[in-house]
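All chains are named by letter (A, B, ...) in the order of the sequence lines, taking the proteins before the strands, and each is independently numbered beginning at 1. These numbers were taken from a predicted model, which means no experiment stands behind them.
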Amino acid sequence: MSDEKKPLKKVLIIVAKGTIEDVYAGLVMANGAVMEGIETKLFFTFFGLDAITKKKMNSLHTATVGNPSMTMPGGIPFPTWLGGVSGIEAAVSSMMRKQMEELDIPPVDEFLEMITAGGGEIYACKLAVDMFKLKKEDLIDDLNGIITVGEMYELAAGDQSQIIFT
Amino acid sequence: MAEKTYAGVTINVDEEGYMTDSSQWTKEVAAEIAKEEGIDELTDTHYAVLEFIRQKVSEGATLTIRAIGKSGHTDIKGFYKLFPGAPLKKATKIAGVPKPSSCV
């Protein structure tokens with residue numbers, strides 16, 4: 001075994017879900033990688049595509065039903081029935097976005113711009129784009145391509161490269 | 001704690017090379033650290049960004065790349081060009097402030 005340090009050179013992050021927390025997990029890791037000088041690629045598939053769909057990207061929601069981690073401010077338990085009440089999911093989601101803004105975490109569109117400004121690349125999954133009947137125009141202008149799974153693996157190829165699936 | 005000599009002045013640095021006493025910073029020291037980081041010459045824009053970083057840090061603000069992009073001195077793309085590779089780490093090192101602890 002050699003003790004030689006092998007820093008990460010490339011990372012491919014796959015975002016397959018469209019909730020605020022799933023998308024931001026991917027974006028924070030991607031932006032963090034770009035900031036470290038790591039070659040960074042983001043691959044959006046299935047509901048993760050919402051994050052690069054112009055009409056949806058800045059109004060992502062978190063799930064208030066079926067989310068056992070959900071609590072009220074102050075740590076009070078969040079009753080499951082409440083999550084189903086009309087307007088609650090939107091209100092909770094908007095609150096979450098506001099709290100992130102306070103930590104200087106940008107909205108999704110600006111976050112993606114930060115990533116591409118640093119040289120990060122954004123890809124959409126062809127299969128999911130076809131399935132959701134999306135067109136190129138529906139997705140962000142900064143898209144590097146709509147690609148197949150095979151092409152995605154090509155992007156991740158090389159030494160000291162990692163794939164992260166959120 | 002380690003010491004390094006930049007521009008004929010002895011500077012206290014941590015094990016990663018970040019200055020531990022921000023008051024020892026001068027433009028000449030910055031230029032020498034920049035050379036070590038692979039930036040041959042610091043332009044006025046570099047210095048404007050460095051001063052902005054020093055200002056923010058002295059105010060106790062958490063430094064983010066987003067804040068630098070909104071500083072009016074450069075945008076984020078420009079920031080990556082000014083300090084290629086890992087801009088926030090490089091810029092803070094050259095600005096003589098501690099390594100940033102923010103994730104964005």
Side-chain angles (χ1 to χ4, degrees), chain A residues 5-11 13 15 20-42 51 57-58 60 96-122 140-142 144 160 164 166, chain B residues 14-18 33-40 45-46 48-50 52-95 97-104:
Chain A
K5 272 195 184 169
K6 287 189 172 173
L8 198 54
K9 280 188 190 157
K10 193 199 280 187
V11 67
I13 297 166
V15 178
I20 295 180
E21 62 272 26
D22 286 301
V23 166
Y24 271 91
L27 294 180
V28 170
M29 283 191 281
N31 183 63
V34 172
M35 280 169 61
E36 292 294 313
I38 298 168
E39 185 182 342
T40 307
K41 311 192 190 276
L42 269 163
M57 59 199 301
N58 284 339
L60 301 177
M96 216 160 129
R97 288 196 295 264
K98 202 174 137 237
Q99 282 172 350
M100 288 197 294
E101 178 68 45
E102 282 167 17
L103 290 173
D104 212 18
I105 302 175
V108 173
D109 58 349
E110 191 190 332
F111 217 161
L112 288 168
E113 280 169 25
M114 283 169 62
I115 291 166
T116 53
E121 295 172 5
I122 318 271
I140 54 164
D141 299 328
D142 258 341
N144 292 82
Q160 285 140 274
I164 301 174
T166 65
Chain B
D14 66 11
E15 60 277 7
E16 288 184 281
Y18 288 85
I33 303 176
K35 276 193 190 120
E36 277 190 358
E37 293 295 320
I39 300 166
D40 287 337
T45 317
H46 281 106
V49 172
L50 295 176
F52 174 80
I53 289 172
R54 290 178 59 78
Q55 173 75 20
K56 281 280 158 196
V57 171
S58 72
E59 286 167 6
T62 308
L63 206 56
T64 63
I65 189 163
R66 187 190 192 201
I68 291 167
K70 289 188 173 168
S71 66
H73 303 299
T74 183
D75 57 9
I76 291 174
K77 213 169 196 164
F79 184 46
Y80 274 95
K81 281 212 179 100
L82 288 169
F83 302 94
L88 199 58
K89 275 163 108 181
K90 264 190 197 176
T92 46
K93 194 181 246 183
I94 298 168
V97 298
K99 189 175 175 180
S101 58
S102 68
C103 286
V104 284

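- The pair A/Glu113-B/Lys77 does not count as a salt bridge, with every side-chain nitrogen at least 4.0 angstrom from each carboxylate oxygen.
- Note that the SG atom of B/Cys103 and the CG atom of A/Leu103 stand 10.5 Å from one another [nearest 0.5 Å].
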Give every donor-acceptor pair under 3.5 Å between a side-chain atom in residues 22-35 of chain A and any protein atom, sequence neighbours left out.
from: A/Asp22; atom 1: OD2; to: A/Thr19; atom 2: OG1; distance (Å): 2.7
from: A/Tyr24; atom 1: OH; to: A/Pro106; atom 2: O; distance (Å): 2.8
from: A/Tyr24; atom 1: OH; to: A/Val108; atom 2: N; distance (Å): 3.4

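- For the atom pair A/Glu36 CD and B/Leu88 CG, the distance stands at 9.0 Å (nearest 0.5 Å).
- B/Thr74 pairs by the side-chain contact (heavy atoms from CB on, under 4.5 Å) definition with B/Val49, B/Ile68, B/Phe79, B/Leu82, not counting sequence neighbours.
- Around the NZ atom of A/Lys10, the shell of radius 6.0 Å holds more than 12 heavy atoms that belong to other residues, nucleotides or ligands.
- With A/Asp104 as the partner, the side-chain contact (heavy atoms from CB on, under 4.5 Å) test is satisfied by one option alone out of B/Thr64, B/Thr62, B/Leu63: B/Thr64.
- Under the 4.0 Å criterion applied to side-chain N and carboxylate O atoms, B/Arg66 and A/Glu101 are assigned as salt-bridge partners.
- For the residue pair B/Ile76 and A/Ala117, the shortest heavy atom distance occurs at CG2-CB, 3.8 Å.
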